[in-house]
Amino acid sequence: MGATVLFSLPQEIITKAITGTDLERKDLSANDGQFRFIRADTADNKRPSILNGLLDRFERPASRSPVVTEQVQPSPNAHTSLHESLGVRNGAGAGGHGNYQAMGGTPTHRPLMKNDSSKSQSADDVNNSLWKGMRNIAFTLMENASQDAETMEASSSIDVTEGVDCKLGRLQIGLSYDFQSLTLTLKVIQATGLVAKDFTGTSDPYVKILLLPDKRHKLVTKVKKKNLNPRWNESFLFEGWPHNKLLEKTIYLQVIDYDRFSRDDPIGETYIPLNEVDLSQSPIMWRYLQPCKDSRGKLGEILLSLSYQPAVGRLNIIVMKCKDLKAKDITGASDPYVKMWLKFGATRMEKKKTSIKMRTLNPVYNESFFFEIPWDKIREAAIEVIVMDFDKVGRNEMIGKIILSSKSGPLETRHWNDMITKPRQQVAQWHLLKD
């Protein structure tokens, strides 16, 4: 069965092919814009041989039936393939490339128009713009990812805390230096996770600042009432200090709990040697607070005796005496008593306390207490021992404390383990009180 193939040819080629003949060209543009050529009656049947071959390729409706039309399209390039995969249609129509259809329907050939070259150019421009747009989006995503990574890295580097975490809290400060005016600026920004010094479960913190080795000139921040995460944002200037002289100095910062009716209690401290800081970078840093050296060992000591009976699950604690307790009253003395909490994890289960010894820093108690602790729970238990100063007018204040358990400090853990390994025996030991 014969088939007629319709070609979409440029107009100038067709014109050259039929030039000089008596052939009549009829533009049947109603048929989807296709140029279709039909033989005209001629008197002498003269035509060039090239025309014979050309016209034989065009449709002869009367002699050929049925007819299958072939839709001829350029082979898809990389751009059109990409459009197909993305489901993007251009102005060429909805018909697929290389499809065959029966003549019964209207063929979906792409018409060959005079402005076809401009449409092709426009399509290429669209393709190029799409590729450029996709490339720009990719570059933008890569740049954003890079910026996010740099931001996260910068944030993590700023939030790095130096020192050892002693569970006293941490302090954030900023340093900058003006090389023209020879001025060092210290900004006390904030503190987080401070320990509670008051029995209300909070503290009234402020910061004391020294530029060591000079201890005569002291600077302090404002007091933040009832706040364990205070924000100060206060700046302090040290003027007239050449850079080489500052490298010999150390900044000392001490966080203190303000007390209206007695002496202020230190919370923790940190040292910043300036020869270890690049002041030209205006650094902002976090520092863990360390136990204050001035108060270490100056809160006093307590003598305790422990005995455990595994058969009945009973712990016996004898509070024997204390010595060199820190004075909490204005008179230079204290009214100390000792209270104890049985704890499992963070849960307080049972409380015991001694009598109050008035106006003394070296009280003697010799009082015995019992706690019921099953043998299978002895490794999980802890005894919190707190030496308090009784106050008739204001609230009672803590002088110092220790925690006896298998997971406490070195001296406390050794005492606890000695008690377990020596059942039914009294094991006595001195302990330094801690804040």
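All residue numbers in this chain count up from 1 along the given sequence.
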Requested in this report: Determine yes or no for a side-chain-to-main-chain donor-acceptor pair under 3.5 angstrom, with D389 supplying the side chain and D335 the backbone.
Outcome: yes
**Report entry** For the student: nearest non-hydrogen atoms of V319 and F369, plus distance
**Finding:** CG2-CE1, 4.1 Å
Query - side chain to side chain donor-acceptor pair (under 3.5 Å) between S368 and N316, worked out - result: CA-CA 7 Å; S368 181; N316 175 227; 2.7 Å; yes
Query - Test log, rule side chain to side chain contact (heavy atoms under 4.5 Å, CB included), inputs K249 and W241 - result: CA-CA 10 Å; K249 305 296 181 180; W241 285 96; 3.3 Å; yes
Query raised in the report: Can you find a heavy atom in the side chain of Y258 that is under 4.5 Å from one in the side chain of K225?
Result: yes
Report task. Apply the test side chain to side chain donor-acceptor pair (under 3.5 Å) to residues D278 and S280: give CA-CA distance (whole Å), side-chain angles for both, the deciding distance (0.1 Å), then the verdict. Result -> CA-CA 6 Å; D278 186 359; S280 63; 2.6 Å; yes
**Report entry** Verdict with reasoning, L274 to T250, per side chain to side chain contact (heavy atoms under 4.5 Å, CB included)
**Finding:** CA-CA 6 Å; L274 293 180; T250 297; over 6 Å; no
Query raised in the report: Roughly how far, to the nearest 0.5 Å, is the CH2 atom of W232 from the NZ atom of K224?
Result: 8.5 Å
Query raised in the report: Should the heavy atoms of other residues, nucleotides or ligands under 6.0 Å from NZ of K353 be counted, would the total exceed 12?
Result: no
Query raised in the report: Measuring from M340:CE to F371:CZ, what's the distance to the nearest 0.5 Å?
Result: 5.0 Å
Query raised in the report: In Å, rounded to the nearest 0.5 Å, how long is the span from CD of E301 to CG of L432?
Result: 5.0 Å
Requested in this report: Answer yes or no: is there an ion pair linking K352 with E350, defined by an N-O contact shorter than 4.0 Å?
Outcome: yes
Requested in this report: May I ask you to check whether over 12 heavy atoms, not counting those of M349, lie within 6.0 Å of atom CE?
Outcome: no
Requested in this report: Rounded to the nearest 0.5 Å, what's the gap from CD1 on I402 to NZ on K434? Could you check?
Outcome: 8.5 Å
Query raised in the report: Can you find a heavy atom in the side chain of L186 that is under 4.5 Å from one in the side chain of L175?
Result: yes
**Report entry** Under-4.0 Å salt bridge between R314 and E372
**Finding:** yes
Report task. Check whether any side-chain heavy atom of L325 sits under 4.5 Å from a side-chain heavy atom of L433, and report yes or no. Result -> yes
Query raised in the report: Are the side chains of L194 and P230 in touch, meaning some heavy atoms are under 4.5 Å apart?
Result: yes
Requested in this report: Given side chain to side chain contact (heavy atoms under 4.5 Å, CB included), test L182 with Y177 step by step and report yes or no.
Outcome: CA-CA 7 Å; L182 304 181; Y177 183 72; 3.3 Å; yes
Query raised in the report: H415 vs H431 aromatic rings, parallel, tilted or perpendicular, using cut-offs 30° and 60°?
Result: parallel
Report task. Indicate yes or no: at least one non-hydrogen side-chain atom of I383 is less than 4.5 angstrom from one of L342. Result -> yes
Query raised in the report: Could you give the distance from OG (S203) to CG (N227), rounded to the nearest 0.5 Å?
Result: 9.5 Å
Query raised in the report: Should E384 and K401 count as an ion pair when the cut-off is N to O under 4.0 Å?
Result: yes
**Report entry** Atom CZ of R359 with >12 non-hydrogen neighbours under 6.0 angstrom
**Finding:** no
Query - Rounded distance [0.5 Å steps], OH in Y365 versus CG in L304 - result: 11.0 Å
Report task. Mind running side chain to side chain contact (heavy atoms under 4.5 Å, CB included) on K357 and F390 for me, showing each step along the way? Result -> CA-CA 9 Å; K357 304 299 180 178; F390 174 75; over 6 Å; no
**Report entry** Beyond-backbone contact of I173 with K187, side-chain heavy atoms, under 4.5 angstrom
**Finding:** no
Query raised in the report: Do the side chains of L361 and S334 get nearer than 4.5 Å, heavy atoms only?
Result: yes
Query raised in the report: So do the side chains of I267 and V195 get within less than 4.5 Å of each other, counting heavy atoms only?
Result: yes
